[in-house]
Amino acid sequence: MNLVIDFGNSTQKMALFDDGQQCDFLLQEIITIEDIVNFVGQHKINKVILSTVISVEKQLLEYLQTHFDFIVFDSQTPIPLNNKYQSKATLGSDRLACAVAAHCLCPQNNVLVLQMGTCITMDFVSQE
């Protein structure tokens, strides 16, 4: 089972995935270490990934690093597509994660990815 955490500007989310299928989801304003402990419960977590566009408390990062096989998704994370954004380090991890998801869900298609959160963004993922 894998835990995916997304910290956006307005809300924070967590989802549990088992064999690629989402089996639980939580959305709230702020997610704490206690929320993670309660959400994970007795599940054996294989990997945890965090995508964030905000600063994360040091204690939360330390908790994730010491209790799980954990990575922070960012512009340095290996992905299955060629990022042609001019300043890769300034592309939000939320936008990059959505582009990767679009590529994985529709690998033989051109996809326009729209995000309508605090900010409305669009990114194009070509089939090449």
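Remember, it's a predicted structure, so these values are computed and weren't measured experimentally.
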Taking all non-hydrogen atoms of both residues, which atom of [X] and which atom of [Y] are closest, and how far apart?
| X | Y | value |
| --- | --- | --- |
| Phe73 | Ala97 | CE2-N, 3.5 Å |
| Phe25 | Ala15 | CD1-CB, 4.1 Å |
| Cys104 | Pro80 | SG-CG, 4.3 Å |

Same cluster for [X] and [Y] if Ile/Leu/Val/Met/Phe/Trp/Tyr side chains link at under 4.5 Å?
| X | Y | value |
| --- | --- | --- |
| Val72 | Leu96 | no |
| Val37 | Ile45 | yes |
| Val53 | Ile49 | no |
| Ile33 | Leu26 | yes |
| Val125 | Val100 | yes |

Rounded to the nearest 0.5 Å, what's the gap from [atom1] on [X] to [atom2] on [Y]? Could you check?
| X | Y | atom1 | atom2 | value |
| --- | --- | --- | --- | --- |
| Tyr85 | Asp123 | OH | CG | 7.5 Å |
| Ser126 | His103 | OG | NE2 | 9.5 Å |
| Thr77 | Asn83 | OG1 | CG | 11.5 Å |
| Ile71 | Leu50 | CD1 | CG | 9.5 Å |
| Phe124 | Asn110 | CZ | CG | 4.0 Å |
| Tyr63 | Glu34 | OH | CD | 11.0 Å |

Contacts of Lys58 that satisfy salt bridge (Lys or Arg N to Asp or Glu O under 4.0 Å) - sequence neighbours left out: Glu62

[X] side chain near [Y] side chain, heavy-atom distance below 4.5 Å:
| X | Y | value |
| --- | --- | --- |
| Val113 | Val111 | yes |
| Asn9 | Ile54 | yes |
| Thr32 | Leu60 | no |
| Val4 | Met14 | no |
| Met1 | Cys23 | yes |
| Leu16 | Asn2 | no |
| Met122 | Leu112 | yes |
| Gln115 | Arg95 | yes |

May I ask you to check whether over 12 heavy atoms, not counting those of [X], lie within 6.0 Å of atom [atom1]?
| X | atom1 | result |
| --- | --- | --- |
| Lys88 | NZ | yes |
| Leu114 | CG | yes |
| Asn38 | CG | yes |
| Gln22 | CD | yes |

Please determine, by modelled atom types, if Asp6 and Gln12 share a side-chain donor-acceptor pair under 3.5 angstrom. no

Return yes if some donor-acceptor pair links the side-chain N/O of [X] with the main-chain N/O of [Y] below 3.5 Å, else return no.
| X | Y | answer |
| --- | --- | --- |
| Ser93 | Thr52 | yes |
| Lys13 | Phe7 | no |
| Gln28 | Ile30 | yes |

